[in-house]
Amino acid sequence: MLDKYNFKESEPKWEKFWQDNKIYSFDKNSKKEIFSIDTPPPTVSGKIHIGHIFSYTQADFIARYKRMMGYNVLYPFGFDDNGLPTERLVEKEFGIRAHEMSREEFREKCMQTVEKYEQEFKQLFIRDGISSDWDRVYNTISPRVQKLSQKSFLDLYKKGKAYYGEKPAIWCPECQVSIAQAELESKDIASTFNHIKFFIEHSDEYLEIATTRPELLCACVCVFVNPEDKRYAPLVGKNVKVPLYNFYVPVLTDEKADIDKGTGAVMCCTFGDETDLLWQQKYNLPIKEAITDGGRMTALAGKYEGLKTKKAREDIIADLKENDLLIKQEEIVHAVATHERCGTPMEIKIKKQWFISLVDDKKSFLENGEKINWYPSFMYGRYSNWVDNVDRDWCVSRQRYFGVPIPVWYCKKCGKIITPEEDELPVNPLVSTPKKACECGCTEFIPESDVFDTWQTSSITPQINAMWGEDDEMYKKLMPMSLRPNAHDIIRTWDFYTIAKSHYHSNCLPWKNVMISGFVMADKNEKISKSKSNSKMSPETLIDEKSADVTRYWTSTGSLGRDIIFSEEEFKNGAKLVNKIWNASKFVLSFLENYEPTHTQLLPMDEWIIAKFNDMQKHFIAYFEKYEIGLAMSELERFFWNFCDNYIEITKNRLYKPEIYGEKAKQSAQFACFVTLKEMLKMFAIYLPHITEEIYQSYFKKFDKEISIHQCKLSPIEIKTPQNIAVSGDEVCEIVSQIRRYKSENNLSLKEEVSELTVQGYSDFIKRVEYDIKAVGNVKEIIYRDGDKFVGIKVEK
RNA sequence: GGGAGUUUAGCUCAGUUGGUAGAGUACCUGCCUUACAAGCAGAGGGUCAUAGGUUCGAGUCCUAUAACUCCCACCA
């Protein structure tokens with residue numbers, strides 16, 4: 001009944017079948033316990049790479065497992081399709097820049113692009129066998145989600161957790177946008193420490209100052225030295241001359257000036273650096289802006305105006321040299337905070353922006369994080385480490401275009417912040433106006449033109465999935481969600497912000513469990529590069545060439561939270577397994593044609609395999625409950641190979657020759673084969689949904705009411721087996737193994753007849769299964785003896 | 001500088017509460033066994049990173065150390 005397995009035909013066929021029959025739909029009205037998954041919405045910024053497949057497939061294992069354990073599984077899908085990454089993709093695709101066209105025109109292009117990619121993404125995930133409910137797909141740019149995102153913001157505003165303020169914000173001069181602390185990435189950058197002469201007023205002496213940013217000389221407002229630093233004590237209170245610009249600044253003291261760093265004297269520029277801004281506030285120093293939003297020098301820089309900072313730095317160094325103001329240069333490598341998207345070193349700018357409070361509530365965020373089960377548990381450490389170190393509120397204003405608009409206007413006359421009513425949402429303040437006049441009577445408003453940071457929206461994915469404000473009953477039922485799966489790189493963003501939002505909105509946890517997956521590395525210490533991910537490691541290629549099931553198998557070999565090196569070897573193992581499952585099923589089922597499963601008196605070895613199966617399944621479930629998908633799989637795999645190499649080998653004689661062993665012996669084997677294969681396939685279905693469905697449909701389905709194997713429940717085989725049967729059966733395998741070893745060592749064929757087998761020191765169980773041992777080893781006679789355990793083999797040639 | 005993870009066979013990794021070191025793979029040997037040669041059977045291969053400690057007994061528990069990786073801080 002089973003012929004050759006052709007995954008290229010079979011896999012798409014079943015994928016369509018699952019979609020057509022809505023096998024993975026969430027049943028809103030079901031009474032079953034809900035298991036809900038807060039699926040990561042992939043960022044629409046390019047291609048899906050193998051890392052996504054790795055992480056998403058691992059989550060899919062959980063979804064399928066829970067479904068088979070009888071849960072009503074809510075497994076939605078989403079796309080994070082707004083924000084800077086998407087804009088950059090669109091700019092690249094069309095070869096345009098967002099600011100060169102109207103907002104509407106650009107947004108239109110974004111929508112087109114996003115739609116195209118989302119179709120591709122969706123097809124790929126379906127092709128990988130991801131069992132999401134594709135009727136429950138959300139897009140962060142959709143009106144529905146925009147509404148929820150704005151609702152979230154207004155809720156925070158009402159609660160005093162979102163505020164509008166002028167404060168130092170992290171600025172990316174390349175992307176020309178403010179960014180959040182979480183979007184920074186430390187990078188080691190080679191730089192030069194320039195030792196520069198600051199001449200002391202009314203003196204020929206100079207103060208030596210070391211700086212990596214001489215282009216900021218024009219913004220210098222003072223020089224700081226440490227109050228304990230004896231070297232500079234005489235200079236404190238005096239003025240020094242800023243080189244090239246020739247204006248004077250005072251020498252002041254502050255503890256933050258590090259005696260050991262540079263020369264111990266530091267110039268303060270009230271711009272571009274955290275400490276500088278701190279000093280600005282502490283000493284109320286004048287603010288001098290040296291750099292434009294686009295990363296060019298301002299008029300303050302004099303002749304360097306308009307130059308990019310890097311070029312200005314080079315020119316200034318040249319000029320300092322020429323004027324004998326440069327003492328020496330030191331090559332250094334220092335960690336610089338850069339924008340993770342483009343790698344450009346950040347600047348600090350003072351801007352009026354919207355912020356969400358984080359710093360004041362760190363304690364709650366830590367407590368809530370602790371209440372969540374993190375798998376693996378040490379990943380909570382990464383979360384708490386981040387929260388501990390958060391030292392600025394979350395700037396959510398983005399001076400961009402393709403995002404959720406910040407729903408506020410400012411009164412033209414009194415500046416009051418006007419927000420829309422909830423039933424007006426989603427609102428684009430650039431298009432619509434407030435319904436009422438301002439309290440001051442003014443009817444003219446300035447619309448906010450910024451959009452939200454995309455995390456502002458994606459941090460409410462539990463609320464989106466749980467129908468916040470749309471279906472109160474569902475919301476209560478679904479929150480907190482059961483599981484958040486994601487990779488370790490976004491603990492500090494997605495996980496953190498989501499925990500913060502749920503705390504602020506509903507004073508609850510967003511989910512009960514978090515499952516953290518690792519990264520796929522191209523090689524040791526080598527992340528996946530564009531070129532690699534486009535070639536042999538691309539998910540499309542792997543699924544096309546090796547099948548989705550084999551690709552999925554590979555993802556099960558990874559250990560939770562740990563990075564994995566991409567290895568073709570593991571794909572080979574998966575291919576072998578799939579092939580073996582096919583062959584074993586084909587073989588077993590060939591003895592089950594026209595078979596009516598009826599409970600018969602079982603022979604010992606048939607009881608043995610059932611007992612072994614039930615043991616294995618217990619371990620399998622225990623591992624899954626701990627989200628240990630890889631260990632669960634290896635448990636199942638080991639059982640399966642044992643089933644093939646020992647059980648089938650033993651039992652096939654009875655199946656082939658009922659005329660020798662009896663009809664009842666055949667029926668016993670048939671029954672054990674039937675139930676064990678069926679239950680085993682259900683467990684494999686979690687990992688290998690396609691091939692298992694193919695086998696299920698071609699045979700087992702006719703005994704079941706379920707449409708698909710993926711609607712079956714995992715269950716133990718409900719057959720009572722004798723107490724020590726598992727151990728006794730293993731002893732049989734041990735004896736069989738001895739026979740095989742003897743033949744192998746003596747270069748004999750395995751079917752060679754053993755004229756006499758001596759079994760010494762084994763239990764009486766062996767006698768009860770003598771016919772099986774004789775058959776599998778081709779043994780003529782067995783002699784039983786007492787004494788120490790020993791197996792003797794005699795072959796007459 | 002703070003924190004985390006890892007270190008077990010040539011390679012990739014298991015090893016639950018302490019009780020004689022495991023799997024897969026590679027290598028080698030044999031076997032075309034009435035499912036599968038993409039198969040089957042078998043052999044060799046390890047001071048469990050190092051040094052101490054607790055214990056009758058430590059891969060496992062404790063203390064140091066080292067190496068590798070990651071997260072965070074460090075931007076004068």
- Message: In terms of relative ring orientation, are A:Phe700 and A:Tyr696 parallel, tilted or perpendicular, with 30° and 60° separating the classes?
- Response: parallel
Quantified in whole Å, what is the [atom1] atom distance between nucleotide [N] and nucleotide [M]?
{"N": "B:rG52", "M": "B:rG59", "atom1": "P", "result": "14 Å"}
{"N": "B:rA67", "M": "B:rU25", "atom1": "P", "result": "36 Å"}
{"N": "B:rA14", "M": "B:rA23", "atom1": "P", "result": "16 Å"}

Just to be sure I understand the rule, does [X] reach a base, reach only the sugar-phosphate, or reach nothing, if contact means heavy atoms closer than 4.0 Å?
{"X": "A:Phe193", "answer": "sugar-phosphate"}
{"X": "A:Ser567", "answer": "nothing"}
{"X": "A:Cys268", "answer": "nothing"}
{"X": "A:Lys657", "answer": "base"}
{"X": "A:Asp258", "answer": "base"}
{"X": "A:Glu649", "answer": "base"}
{"X": "A:Ala257", "answer": "base"}
{"X": "A:Ala575", "answer": "nothing"}

Whole-Å gap separating [atom2] ([N]) and [atom1] ([X]):
{"X": "A:Lys572", "N": "B:rG39", "atom1": "NZ", "atom2": "P", "result": "11 Å"}
{"X": "A:Asn746", "N": "B:rA43", "atom1": "CG", "atom2": "P", "result": "13 Å"}
{"X": "A:Trp582", "N": "B:rA37", "atom1": "CH2", "atom2": "P", "result": "16 Å"}

- Task: Please determine, for the side chain of A:Ile332, which listed nucleotide (B:rA76, B:rC75, B:rG42) has the closest atom?
- Result: B:rA76
- Where the side chain of A:Leu750 is defined as all heavy atoms beyond and including C-beta, which of B:rC36, B:rC75, B:rU33 is the nearest nucleotide? B:rU33
Just name whichever nucleotide pairs with [N], Watson-Crick or G-U, keeping both distances under 3.5 Å, else none.
{"N": "B:rU60", "value": "none"}
{"N": "B:rU55", "value": "none"}
{"N": "B:rU69", "value": "B:rA4"}
{"N": "B:rG24", "value": "B:rC11"}
{"N": "B:rC32", "value": "none"}

Can you confirm if the aromatic rings of [Y] and [X] lie within a centre distance of less than 6.0 Å?
{"X": "A:Phe199", "Y": "A:Tyr206", "answer": "yes"}
{"X": "A:Tyr595", "Y": "A:Tyr699", "answer": "no"}
{"X": "A:Phe519", "Y": "A:His488", "answer": "yes"}
{"X": "A:Phe496", "Y": "A:Phe365", "answer": "yes"}
{"X": "A:Phe224", "Y": "A:Tyr283", "answer": "yes"}

- Ignoring backbone atoms, test whether A:Arg740 places a side-chain nitrogen or oxygen under 4.0 Å from the OP1 or OP2 oxygen of B:rC40. no
- Message: Tell me whether the side-chain N/O atoms of A:Lys576 come closer than 4.0 Å to OP1 or OP2 in B:rC40.
- Response: no
- Message: By nearest heavy atom, map A:Phe591 and A:Trp641 onto RNA chain B; which one lands nearer the 5' end?
- Response: A:Phe591
- Carefully, step by step, assess A:Asn486 and A:Asp495 under the rule side chain to side chain donor-acceptor pair (under 3.5 Å). CA-CA 9 Å; A:Asn486 61 250; A:Asp495 291 346; 3.3 Å; yes
- Message: Out of the candidates A:Phe684, A:Tyr647, A:Phe620, only one should pair with A:Phe640 under the ring-ring contact (aromatic ring centres under 6.0 Å, His included) rule; please name it.
- Response: A:Phe684
- Item | Letter per nucleotide, 5' to 3', of nucleotides 1-15 of chain B [B base touched, S only sugar-phosphate touched, - untouched; heavy atoms, 4.0 Å] | -B-SSS------SSS
